[in-house]
Amino acid sequence: METVKPKSAINSRSKKLAKKFQKVISLRSATKIGSNNGICMLNSHLKVKEDPFTDHQMKTHQSNGKHEDNKARNRAVMEALIARLFAGVTTIKAAYAELQMAQRPYNNESIQMADQAVVDELRAVSEFKRRFLKKELDLSPQVTVMLAEIQEQQGLMKTYEITIKKLEAEVDVKDNDISSLRKHLDDCIAFNKSLEKKLNSSGSLSQFDNLRLSVLNPTHFVHFLHHTLRSMRSFVKLMIKEMESAHWDLEAAVKFIHPNAVFTKPSHRCFAFESFVCITMFEGFNYPNFSIQDDPLEKRRHDKNVYFDKFKKLKSLNPKQYLSHNPNSSFSRFLKSKYLQVVHAKMECSLFGNLNQRKLVNSGGYPDSAFFIAFAEMAKRVWALHCLALSFEEDVTIFQVKKNTRFSEVYMECVTEEPLSTSGESSDSNSGELKVAFTVVPGFKIGKTVLQSQVYLSLVGSPASC
């Protein structure tokens, strides 16, 4: 039978074992550290002492963050302030532009409004300045920038509107100037036409109204010749204008008419076209009805009174009316023949885009175009001059000066205005000898009376200039 130990002894032993076990555990816990993959791990139940350096860094970081935030806010405020100032400048600029616009024409209400806008904006800018210097700026950067952008856009729009109004006003002034100049041009054209009409009308030929054949003399022929040449030059101008409108190479056309002609001025090229028209229209002038097949002596067998009556009748008539009533007359055949010679088919097609006028003339009709009317008037005067020439007792003949002929004041007249000496040389001592480049208007002989041929002169030996 097992001896029962006293309870007190058991308890005493148990207490001793517990103390030893606790001592061992405490010692191991205080002196040993567990290792896990080389990383030191502290027991979770141990209290770790705070590091003073780490706490200082956290405070410094927080302080720097606040400083950066303040710096960013100040920068945003300054940007907003600058945006507001620029918007104010734009507003003042727009108001000043409106103030200038209201000066002419004078508008008192607009001037006062613009002036008040300038004053209000200057006061607002001044108030921003005061608050900035006293550091009393209290604004939202985002809202201020947005409002500044809106204000600047409004100022720009207002400036653009004022600029548009100013441009529209300038356009109106230009339109008025154009209208005034156009009216002045129309008045000048009408005045020139009236002068031309007076020069070319029958009124300028009143001396022929009561003229009798018995008193006919070369002076009458000269007067009507000048009347005819005016019509020729008018037609030449119209022809050149049509050629320019059709984008012709006028220089090439001149070289085709007179290949080796040398012109002292570009404007002198018109004499080449005038030469072509005059020579073509006066070709056959020495023969009755301009026909080379006719006997030149036949005119002597004709009654001078018949040609003189034809001249007096035709000189003041409308050519189209005359042609309409006399479609088979000699003048009608003359006009048809000369039109086909002067106006080549290629020229007509180039100028007018078709050959309708040519076909109409060939069929015996008469176009209503200004070009043909001018040609018909010129042809009528040439024909009337021809009838006048056949009315003289003396023979009236036509002559043309050959190219490179030495200039002679007896038979020739220079069409340009360059001064010529009596020796037939230019007043420039360094120039060469003057010779005929081409005949512009042929000359005439009435018995022993010579009417000078109009020629274009060039200097032989001088450098060519176009």
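Here the structure is a predicted model, which means the values were calculated and not measured.
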Could you check if a side-chain atom of V455 sits within less than 4.5 angstrom of a side-chain atom of V440, using non-hydrogen atoms only?
no
Is there a donor-acceptor contact under 3.5 Å from the side chain of E348 to the main chain of R358?
yes
For residues M412 and V401, report the shortest heavy-atom separation together with the two atoms involved.
CE-CG1, 3.6 Å
Please determine if E393 and K304 form a salt bridge, counting it only when a charged side-chain N lies under 4.0 Å from a carboxylate O.
no
Kindly say whether F372 contributes a backbone atom to a donor-acceptor pair with the side chain of Q357 at under 3.5 angstrom?
no
Would you check, one step at a time, whether the test side chain to side chain contact (heavy atoms under 4.5 Å, CB included) holds for D120 with Q116?
CA-CA 6 Å; D120 292 344; Q116 186 62 42; 2.8 Å; yes
If we check side-chain contact (heavy atoms from CB on, under 4.5 Å) with F444, which of these qualifies: I398, V450, V222?
I398
Where L351 and A246 come nearest, the two heavy atoms and their spacing:
CD2-CB, 4.0 Å
Evaluate the side-chain proximity of L250 to F273: yes if any heavy-atom separation is below 4.5 Å, no if none is.
yes
Is the Y456 ring parallel, tilted or perpendicular to the F263 ring (thresholds 30°, 60°)?
tilted
At what distance, to the nearest 0.5 angstrom, does CZ of R381 lie from CE of M378?
10.5 Å
Could you verify whether a donor N or O on one side chain and an acceptor N or O on the other, from Q400 and S453, lie under 3.5 Å apart?
no
Strictly distance-based, threshold 3.5 Å: is any side-chain N or O of S180 a donor or acceptor partner for the main-chain N or O of N176?
no
Looking at F285, F282, F331, Y287, which one forms a ring pair (Phe, Tyr, Trp, His ring centres under 6.0 Å) with H386?
F285
Sidechain-backbone polar pair: S275 side chain, F271 backbone, donor-acceptor under 3.5 Å
no
Flag the pair K174 and E170 as a salt bridge only when some basic side-chain nitrogen lies within less than 4.0 angstrom of an acidic carboxylate oxygen.
no
T405 side, atom OG1; L434 side, atom CG - distance, nearest 0.5 Å
13.0 Å
To the nearest 0.5 Å, atom OG of S332 lies from atom CG of N326 at 8.5 Å
Pick from K237, M281, E274: which one makes a side-chain contact (heavy atoms from CB on, under 4.5 Å) with M232?
M281
Using modelled atom types only, decide if a donor and an acceptor are shared between the side chain of S231 and the backbone of T228 within a distance under 3.5 Å.
no
Assess, by modelled atom type and distance only, whether the side chains of S179 and R182 contain a donor and an acceptor separated by less than 3.5 Å.
no
Would you say K380's side chain and L317's backbone share a donor-acceptor pair under 3.5 angstrom?
yes
Where does the angle between the aromatic ring planes of F221 and F392 fall among parallel (under 30°), tilted (30 to 60°) and perpendicular (over 60°)?
perpendicular
Check whether any side-chain heavy atom of S369 lies under 4.5 Å from a side-chain heavy atom of F352, and answer yes or no.
no
How long is the gap from CG on L238 to CD1 on I373, to the nearest 0.5 Å?
10.5 Å
Between V396 and A389, which heavy-atom pair has the shortest distance, and what is it?
CG2-O, 3.5 Å
Salt bridge between K183 and D187, side-chain N to carboxylate O under 4.0 Å?
yes
In terms of heavy-atom contacts, W248 and S350 come closest through NE1-OG, 2.7 Å
So OG1 of T439 and NE2 of H258: to nearest 0.5 Å the spacing works out to 8.0 Å
Taking all non-hydrogen atoms of both residues, which atom of A345 and which atom of L355 are closest, and how far apart?
O-CD2, 3.2 Å
Is there a side-chain contact between E394 and K445 (heavy atoms, below 4.5 Å)?
no
Could you check whether any side-chain N or O of H325 sits under 3.5 Å from a backbone N or O of Q321, counting only pairs where one atom can act as donor and the other as acceptor?
yes
Atom CG in L385, atom CG in L314: separation rounded to 0.5 Å?
11.5 Å
Quick check: closest heavy atoms across L229 and Q454, and the distance to 0.1 Å?
CD1-NE2, 3.9 Å
Test your reading of the model: is there a side-chain donor-acceptor pair from K338 to the backbone of E283, 3.5 Å cut-off?
yes
Ignoring hydrogens and geometry, is there a side-chain-to-backbone donor-acceptor pair from S126 to L122 under 3.5 Å?
no
Salt-bridge present (E161, K165; N to O < 4.0 Å):
no
Sidechain-backbone polar pair: T280 side chain, F276 backbone, donor-acceptor under 3.5 Å:
yes
